[in-house]
Amino acid sequence: VFLANLLVQKYGKCGSLRDARQVFDEIPRPNLFSWSSILHAYAASKNLGEAKDLFDKMPVKDLVSSSALIKAYAQAGHLKDAERIFHSLPRKDSVACNIMIGAYSQRGCIDKAKGIFDQTPSKTVISWNNMISAYAKSGYLSKARGVFDSMPEKNVVSWNLIFHAYAGAGRFHEAKGIFDSMPDRDVVSWTAMLGAYAETGHILKAKRMFDCMDVRNTVTWNIMFRAYVDAGQMDDAKSLFDAMPERDTVAWNTLVAAYVQYGRMDEACEAFDAMEERTVVTWTTMIAGYGRHRNLSEAKRLFDRSPEKNVVSWNAMLQAYVESQCFEGAKEIFDRMPEWDVVSWTALVAVYADAGHLCRARDLFDEMPQRN
RNA sequence: CGCUACGGCCUAUCAUAGG
């Protein structure tokens, strides 16, 4: 059984859900490990419905499988369902609590996150790390720092988190100081420091750091690539892209976005066509690119062809109509969207405001569910 | 209750309006 479980996990990790499921179905007497492995595979692939069905079919549900489902709900933004399962747990361990802390902090519910943290039994370094991350995400830098300073033990992730909190807040020098005083650094630490140099326009320092790193991963390469793009050094960027040992979709998406940004739509297309795997980000980049260049028909064609849509891609399509002054089309898209965020609403308010329909703009503004 | 092979949690990079 445990060999089969290993197979299920391996297939799950590389996204071959079908194979994972087949192996699972052939296990005569699946144990808890088998169940949570297949459940985790579904949850990780955002197959929420299947995950839920499997969970309901489980003869015995333990903390591990429940936590996997809580995580899946939380990632899908179904905070209520996540909470329901969490609260129905007879016993909550630190992992389950950590997942809830992450879920709350993702939505900015910092007080609820803190509440769970305070109730977490036998906290681990990950529990404290989660709180650093929660405070940092909500912009409470000094609170994050307070957690960092008071935690009983730190690991390299703790250091990376506090580094990122300072760097993200624009406190470059303090971040650099933190980097210099790290007891250990891993590839994430180095890459984050590289990213901080890139962010602040220190391309040469970034490149020097890149060259002397002994371990690089795709993120490292992607950040260096992006740094060249942002500096307008497209030739260097392209050489670096070509030199990458492997190119993931983020690398390709960055390349497409770079061409779009510099108005080189034909090359953007070429890169788009050369990709073997595209994500919703890829499609959105192209749609937005055509939108910006007033090529409404191409934008629309890609949008209709795109296999997956989210609120960002809908917004890009909406904006494409706006750019082309096609306000009826924009309104129609807005009405067809399955969900809206502040960006969608703002775009529509701006349409009416620009057209001089101030009353209509004001009405919409009052109707907005959230504002920023 | 603890131990025992396989399962769950934290950090860095990409897209949409405004700023």
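Predicted, not measured: the structure shown is a model, and the values here were computed from it. Numbers restart at 1 for each chain; the letters A, B, ... are given by sequence-line order, proteins then strands.
- In this pair, A:Phe241 and A:Phe225 present their aromatic rings tilted. The plane angle is within the 30 to 60° band.
- Among B:C9, B:C10, B:G8, the nucleotide with an atom closest to any side-chain atom of A:Asn98 is B:C9.
- Counting only heavy atoms from C-beta on, A:Val188 has its side chain closest to B:A12 among B:C10, B:A12, B:G7.
- Side-chain N/O atoms of A:Asn130 and base N/O atoms of B:C10 include no donor-acceptor pair closer than 3.5 Å.
- Taking atom CD of A:Gln9 as the reference point, atom P of B:A5 lies 14 Å away to the nearest angstrom.
- Contacts of A:Ile126 with the nucleic acid, taken as non-hydrogen atoms under 4.0 Å apart, include base atoms.
- For A:Ser36 against B:G7, a side-chain-to-base donor-acceptor contact under 3.5 Å is present.
- In this structure, A:Met58 atom CE and B:G8 atom C1' are separated by 11 Å, rounded to whole Å.
- A:Met131 places its CE atom 16 Å from the P atom of B:C10, with the value rounded to the nearest Å.
- Residue A:Leu39 is out of contact with every strand shown, counting any heavy-atom pair closer than 4.0 Å.
- Under the 3.5 Å distance criterion, with hydrogens and angles disregarded, a donor-acceptor pair is assigned to the side chains of A:Tyr42 and A:Arg21.
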Note to self: Protein within reach of the bases, or only the backbone? For nucleotides 13-19 of chain B, mark each nucleotide 5' to 3' as B, S or -, using heavy atoms under 4.0 Å.
What the structure shows: BBBBB--

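- For A:Ser34 and A:Asn31, the side-chain atoms include at least one donor-acceptor pair closer than 3.5 Å.
- Ring geometry for A:Phe334 versus A:Trp340: interplanar angle of 30 to 60°, hence tilted.
- Rounded to whole Å, the distance from CD1 on A:Ile38 to P on B:G8 is 14 Å.
- In this structure, CD1 of A:Ile85 is placed 15 Å from P of B:C9, rounded to the nearest angstrom.
- A donor atom on one side chain and an acceptor atom on the other are found under 3.5 Å apart for A:Asp62 and A:Ser65.
- The distance from atom CG of A:Leu161 to atom C1' of B:A12 is 10 Å, rounded to the nearest whole Å.
- At most 12 non-hydrogen atoms from other residues, nucleotides or ligands lie less than 6.0 angstrom from NZ of A:Lys52.
- A 4.5 Å side-chain heavy-atom check between A:Tyr135 and A:Ser142 finds every atom pair outside the cut-off.
- Using a 4.0 Å cut-off, some side-chain N or O of A:Lys71 falls inside it from OP1 or OP2 of B:C10.
- Among the protein residues, A:Asp186 comes within range of no part of the nucleic acid, since none of its heavy atoms lies under 4.0 Å from any strand.
- Atom-to-atom, CG of A:Leu69 to P of B:C9 comes out at 13 Å; the value is rounded to the nearest Å.
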